[in-house]
Amino acid sequence: MPRVEPHFEKVAGRFAGQEKDVLFLEVNCDEDETLVGPYLVEEKPKTSVLFADGLDLLLGVNSFPTTLVLDRTGKIAYRGEGVDMENPEASLVEAIEKTLHRTEMGVPAAVAE
């Protein structure tokens, strides 16, 4: 099970205290669920970890890591594949802030893009 990207935890920390509006989940789609427990013990991730066999197929994940931002209706508002080595936090923070703003304005993600 690969280690969660440090930028993911850094961005999660930036939105700490906003759990009503922003939830960070590390989702593992590994075929071997027995790897999850040792991973949690060794890595001690700061975000919640969900084991979801098959979720990668449902969400169309073709590469790892893939980062998704879902709006309150469950629609994908942002999809990022791989890691932006230059500034990995910027695009994720921007996507979250835009999605939060759309939610406040009552604009569906699909219309606002």
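For the numbers below, each heavy atom of this structure counts, side chains included, while hydrogens, waters and symmetry mates do not.
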Participant: The criterion is salt bridge (charged side-chain N to carboxylate O under 4.0 Å, His left out); which residues satisfy it with Arg72, sequence neighbours excluded?
Facilitator: Asp21
Participant: Any salt bridge linking Arg14 with Glu97? Criterion: basic side-chain nitrogen under 4.0 Å from a carboxylate oxygen.
Facilitator: yes
Participant: Determine whether more than 12 heavy atoms belonging to other residues, nucleotides or ligands lie under 6.0 Å from atom CD of Glu19.
Facilitator: yes
Participant: For the hydrophobic clusters of this structure (ILVMFWY residues joined by side-chain heavy atoms under 4.5 Å, transitively), does one cluster hold both Leu57 and Leu70?
Facilitator: no
Participant: For Ala16, is there any backbone N or O sitting under 3.5 Å from a side-chain donor or acceptor partner on Gln18?
Facilitator: no
Participant: Do you know the tightest heavy-atom contact between Thr34 and Pro38?
Facilitator: O-CD, 3.1 Å
Participant: Using the rule given for side-chain contact (heavy atoms from CB on, under 4.5 Å), can you reason through Ile96 versus Phe24, listing the C-alpha separation, both sets of side-chain angles and the distance that settles it, and then say yes or no?
Facilitator: CA-CA 11 Å; Ile96 293 168; Phe24 286 84; 3.6 Å; yes
Participant: Does Pro45 reach the side chain of Phe8, with side-chain heavy atoms less than 4.5 Å apart?
Facilitator: no
Participant: Hey, could you give me the CZ/CG distance between Phe51 and Leu40, rounded to the nearest 0.5 Å?
Facilitator: 11.5 Å
Participant: Rounded to the nearest 0.5 Å, what's the gap from CG on Leu50 to CD on Glu26? Could you check?
Facilitator: 10.0 Å
Participant: Determine, stepwise, if the pair Val69 / Ile76 fulfils side-chain contact (heavy atoms from CB on, under 4.5 Å).
Facilitator: CA-CA 6 Å; Val69 174; Ile76 297 174; over 6 Å; no
Participant: Does Leu100 form a side-chain contact (heavy atoms from CB on, under 4.5 Å) with Phe15? I'd like the steps, not just the answer.
Facilitator: CA-CA 11 Å; Leu100 287 171; Phe15 289 92; 4.1 Å; yes
Participant: Any non-hydrogen side-chain atom of Ser91 less than 4.5 Å from a side-chain atom of Tyr78?
Facilitator: yes
Participant: Supply the atom-to-atom distance Asn87 CG to Glu94 CD, rounded to the nearest 0.5 angstrom.
Facilitator: 10.5 Å
Participant: Could you walk me through whether Glu81 and Arg79 pass side-chain contact (heavy atoms from CB on, under 4.5 Å), step by step?
Facilitator: CA-CA 7 Å; Glu81 295 183 355; Arg79 174 186 297 271; 3.9 Å; yes
Participant: Given the rule that I, L, V, M, F, W and Y join up when any side-chain heavy atoms are under 4.5 Å apart, are Leu58 and Leu68 in one cluster?
Facilitator: yes
Participant: Can you list everything that forms a side-chain contact (heavy atoms from CB on, under 4.5 Å) with Leu23? Sequence neighbours excluded, please.
Facilitator: Leu25
Participant: So does Lys46 get a backbone contact from the side chain of Glu9, meaning a donor-acceptor N/O pair under 3.5 Å?
Facilitator: yes
Participant: Determine which pairs satisfy side-chain hydrogen bond (donor to acceptor under 3.5 Å, both in side chains) with at least one residue from residues 59-69, sequence neighbours left out, and list them in order.
Facilitator: none
Participant: Nearest 0.5 angstrom please: Glu89 CD to His7 NE2, how far?
Facilitator: 7.0 Å
